[in-house]
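Here the structure is laid out as structure tokens; the discussion comes afterwards.
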Number of protein chains: 2
Amino acid sequence: GSVDKGVDFAQYFCTYSFLYHQKEMLCDRAVLDVGTGSGILAIWSAQAGARKVYAVEATKMAEHARALVKANNLQDVVEVIEGSIEDITLPEKVDVIISEWMGYFLLRESMFDSVICARDRWLKPTGVMYPSHARMWVAPIRSGLGEHKMGDYESSMDEWSNFVDETKTDYGVDMSVLSKPFSEEQKKYYLQTSLWNNLHPNQVIGSTALLKEIDCLTATVNDILEVRADIRSSITLENTRFCGYGGWFDVHFRGRKEDPTQQEIELTTAPSVDYGTHWGQQVFLMHPPIHVSDGDDLRVSFSMNRSNENHRLMEAEFHCEIQQTSGKLIPRFSNKFYIE
Amino acid sequence: GSVDKGVDFAQYFCTYSFLYHQKEMLCDRAVLDVGTGSGILAIWSAQAGARKVYAVEATKMAEHARALVKANNLQDVVEVIEGSIEDITLPEKVDVIISEWMGYFLLRESMFDSVICARDRWLKPTGVMYPSHARMWVAPIRSGLGEHKMGDYESSMDEWSNFVDETKTDYGVDMSVLSKPFSEEQKKYYLQTSLWNNLHPNQVIGSTALLKEIDCLTATVNDILEVRADIRSSITLENTRFCGYGGWFDVHFRGRKEDPTQQEIELTTAPSVDYGTHWGQQVFLMHPPIHVSDGDDLRVSFSMNRSNENHRLMEAEFHCEIQQTSGKLIPRFSNKFYIE
Ligand SMILES: Nc1ncnc2c1ncn2[C@@H]1O[C@H](CSCC[C@H](N)C(=O)O)[C@@H](O)[C@H]1O
Ligand SMILES: Nc1ncnc2c1ncn2[C@@H]1O[C@H](CSCC[C@H](N)C(=O)O)[C@@H](O)[C@H]1O
């Protein structure tokens with residue numbers, strides 16, 4: 001059994017706030033918590049008045065959840081079930097599905113697949129999803145990280161080059177045929193892998209654009225296999241460097257159209273000085289940056305797919321052209337990134 | 001395909017030196033390189049005069065090996081075969097098996113299993129293993145790392161404790177039932193996981209003891225599933241701190257009893273000021289350290305097993321009693337570690 005040491009507990013409190021403010025949605029209802037972890041959301045649901053909470057957890061964490069439920073004297077309401085949501089059965093359909101399924105840049109790790117499966121099998125036709133909606137956002141950013149990464153890439157290539165020389169001179173083996181694949185591998189690693197970052201809001205240099213909106217009640221696995229969007233962003237800073245893109249997400253708790261919450265709650269992972277989350281933002285850096293200025297118009301075609309090698313990871317592509325206020329057009333350029 | 005960026009090329013040169021100095025062992029012989037990676041050992045074998053080299057590699061690295069062989073005009077001698085050594089077939093038995101199979105603390109990653117398999121299927125009865133022998137060593141050490149790790153553990157527990165208090169006061173959930181499993185998890189992570197370290201020779205505070213000697217020609221998978229040894233070590237420093245154990249290995253290239261090399265080569269990963277390797281040493285720290293002095297006699301029962309959860313990883317146990325020069329006996333104390 002293991003208690004995840006990486007957990008950022010701040011998220012619990014954010015999420016809790018919706019359970020607390022939306023008691024009316026849980027009172028006397030049957031609830032399913034998909035991936036209960038330590039059991040905390042299940043417990044809060046019970047405290048908010050749920051009639052019954054099924055708390056499903058695939059890992060040995062289920063044992064801790066059971067202990068925590070017991071210690072809080074909620075074992076009559078919360079039933080912890082160890083198993084994959086795909087495999088288990090419940091004695092009834094539920095009114096509410098809650099889950100903290102969001103990965104980096106929303107979809108990394110693909111846990112939403114499991115939530116969809118839970119919904120299609122166990123949610124009543126009148127049921128409510130918690131969260132009910134999710135959105136992905138992107139904006140142009142400036143950042144000094146790109147230079148660091150470029151420096152790392154360059155010293156790695158310098159080392160390689162020395163190694164190739166030495167191997168040739170001292171050991172009679174010509175390794176230069178591997179220089180190209182080696183450099184591609186290093187580029188991928190240092191320059192084309194997106195980074196976790198806690199952006200400061202003033203690193204965002206243009207308007208934020210919506211990449212995707214998900215209605216958790218109706219989205220299918222197919223809908224989230226790929227994300228595609230043609231978006232625009234206007235640069236909002238005089239004379240600055242367009243270093244790449246920042247991506248993040250938010251989720252909402254609105255209940256259901258026929259059964260809306262009294263008060264809508266938002267959990268956002270946008271750049272913020274005071275309210276960082278463990279999700280941070282996903283940063284995609286270009287090499288080198290491009291000089292832009294106030295009013296320049298970015299037109300970006302974005303696409304994101306699951307990686308063939310590991311479907312929990314993803315690949316993103318940005319095709320961008322820039323219409324400058326001067327009238328000049330910077331023709332389309334493309335950047336591909338791995339989200340690992 | 002990928003060129004492993006983590007490779008420390010220094011090891012090639014060490015290993016090369018044996019191929020270079022033992023040309024007589026390779027001349028006109030058929031050689032199998034188990035896990036050829038970039039193909040470098042296969043190429044050196046060919047350059048040393050081998051008649052034929054079969055270079056087997058399980059990953060896409062095989063493509064790079066093939067390109068490297070071609071670029072060095074050795075495609076008539078070196079045949080690169082992509083596949084697991086367990087699955088492939090060769091057109092003949094070989095005179096020599098070479099492999100760079102050693103993991104951290106020799107046996108982590110368990111690649112020697114594959115070398116044994118190759119030997120039992122493809123080595124002629126008169127064949128030679130390269131390396132021919134391997135040994136594991138341990139010695140008592142001093143180190144400041146233990147205090148760091150203890151500090152990390154303590155701040156993690158402080159954070160947890162604040163979290164438990166807040167959750168109780170502000171959110172009405174008593175999480176204290178998870179404090180014990182959480183602390184055990186954190187202890188395991190910070191205090192009971194062995195560490196990679198490049199020890200300075202003056203951190204070794206007592207005599208070095210042999211844990212295991214492996215004859216690569218005869219060892220079975222069973223022989224290396226478990227390592228057990230009762231060893232002794234004398235403290236060689238006045239008034240010092242016994243902070244834990246350092247472990248490392250060496251391998252030898254001796255040929256075979258009936259067919260010994262003219263010159264024996266050793267590759268050691270012992271603590272060294274000038275000749276560090278990417279293997280470093282494996283460090284097992286105790287909390288707190290124990291005061292010892294010159295002449296104190298450590299009697300240690302050591303055992304190491306593969307972890308049940310992941311057989312490429314291992315668990316080690318040290319039971320130690322100390323006979324002090326004063327005559328006093330510090331009774332047996334035990335430490336368990338995870339090698340991850
Ligand atoms: N298919 C599946 N079935 C059951 N549990 C799953 C699952 N996929 C992921 N999980 C679990 O879902 C959890 C997501 S982390 C969220 C934990 C908890 N609800 C909280 O808010 O703190 C993990 O514990 C993971 O093991
Ligand atoms: N069972 C197996 N069959 C074939 N190759 C294997 C294997 N197990 C591990 N390997 C490969 O063995 C290599 C070990 S690293 C050593 C690479 C090279 N001989 C050198 O000296 O630089 C890795 O490339 C790994 O992919």
Side-chain angles (χ1 to χ4, degrees), chain A residues 1-10 12-13 16-17 19-20 38-44 46-48 60-61 63-74 153 156 159-160 162-164 166-168 170-186 188-190, chain B residues 1-10 12-13 16-17 19-20 38-44 46-48 60-61 63-74 153 156 159-160 162-164 166-168 170-186 188-190:
Chain A
S2 73
V3 181
D4 182 3
K5 65 154 216 82
V7 163
D8 173 354
F9 294 110
Y12 289 146
F13 297 87
Y16 178 65
S17 66
L19 294 171
Y20 183 82
S38 67
I40 193 80
L41 295 185
I43 287 172
W44 281 331
Q47 289 179 335
K60 288 270 165 235
M61 282 284 280
E63 282 169 33
H64 297 312
R66 207 168 280 132
L68 193 62
V69 167
K70 190 110 192 283
N72 288 275
N73 205 27
L74 290 166
Y153 166 72
S156 166
E159 255 178 60
W160 169 263
N162 289 337
F163 169 69
V164 169
E166 260 178 57
T167 313
K168 178 87 194 136
D170 301 349
Y171 299 90
V173 180
D174 181 359
M175 297 199 80
S176 58
V177 67
L178 294 186
S179 294
K180 193 153 168 269
F182 183 78
S183 121
E184 272 158 20
E185 169 89 3
Q186 301 297 295
K188 182 172 166 178
Y189 180 75
Y190 288 114
Chain B
S2 73
V3 181
D4 183 4
K5 64 154 218 84
V7 163
D8 173 353
F9 295 108
Y12 289 146
F13 298 86
Y16 178 65
S17 65
L19 293 172
Y20 184 82
S38 66
I40 192 79
L41 295 184
I43 288 173
W44 282 332
Q47 290 178 335
K60 288 271 166 234
M61 281 285 280
E63 282 169 33
H64 297 312
R66 207 167 281 131
L68 194 61
V69 167
K70 189 109 192 283
N72 288 274
N73 204 29
L74 290 165
Y153 167 72
S156 165
E159 255 179 60
W160 169 263
N162 288 338
F163 169 68
V164 168
E166 260 178 58
T167 313
K168 178 87 195 140
D170 301 349
Y171 298 90
V173 179
D174 181 0
M175 297 200 79
S176 57
V177 67
L178 294 187
S179 294
K180 194 155 167 267
F182 183 79
S183 119
E184 272 159 20
E185 169 89 3
Q186 300 296 296
K188 182 171 167 180
Y189 181 76
Y190 288 113

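Chain letters run A, B, ... following the sequence lines, proteins first, then strands; residues in each count from 1. Quick note: numbers below take in every heavy atom, side chains included, and nothing from hydrogens, waters or symmetry partners.
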Checklist outcome for this item: Heavy atoms of A:Gln47 and B:Gly172 approach each other most closely as NE2-O, 2.9 Å
Checklist entry - Which pair of non-hydrogen atoms, one from A:Tyr171 and one from B:Trp44, has the smallest distance, and what is that distance? => result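 Heavy-atom minimum between the residues: O-NE1, 3.5 Å.
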Checklist entry - Quick one: salt bridge (Lys or Arg N to Asp or Glu O under 4.0 Å) partners of B:Glu159, sequence neighbours excluded? => result none
Checklist entry - Which region of B:Leu68, side chain (C-beta onward) or backbone (N, CA, C, O), has a non-hydrogen atom less than 4.5 Å from a non-hydrogen atom of chain A, or is it both or neither? => result both
Next on the checklist: Please report the interatomic distance NE2(B:His64) to CZ(A:Phe182), rounded to the nearest 0.5 Å.
Outcome noted: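 One finds 10.5 Å between NE2 of B:His64 and CZ of A:Phe182.
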Checklist entry - Most heavy-atom pairs under 4.5 angstrom with chain A, which of B:Val177, B:Asn73, B:Asn72? => result B:Asn72
Item to check | Check: B:Pro181 and A:Glu63 side chains under 4.5 Å, non-hydrogen atoms | outcome: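 Sidechains of B:Pro181 and A:Glu63: no contact.
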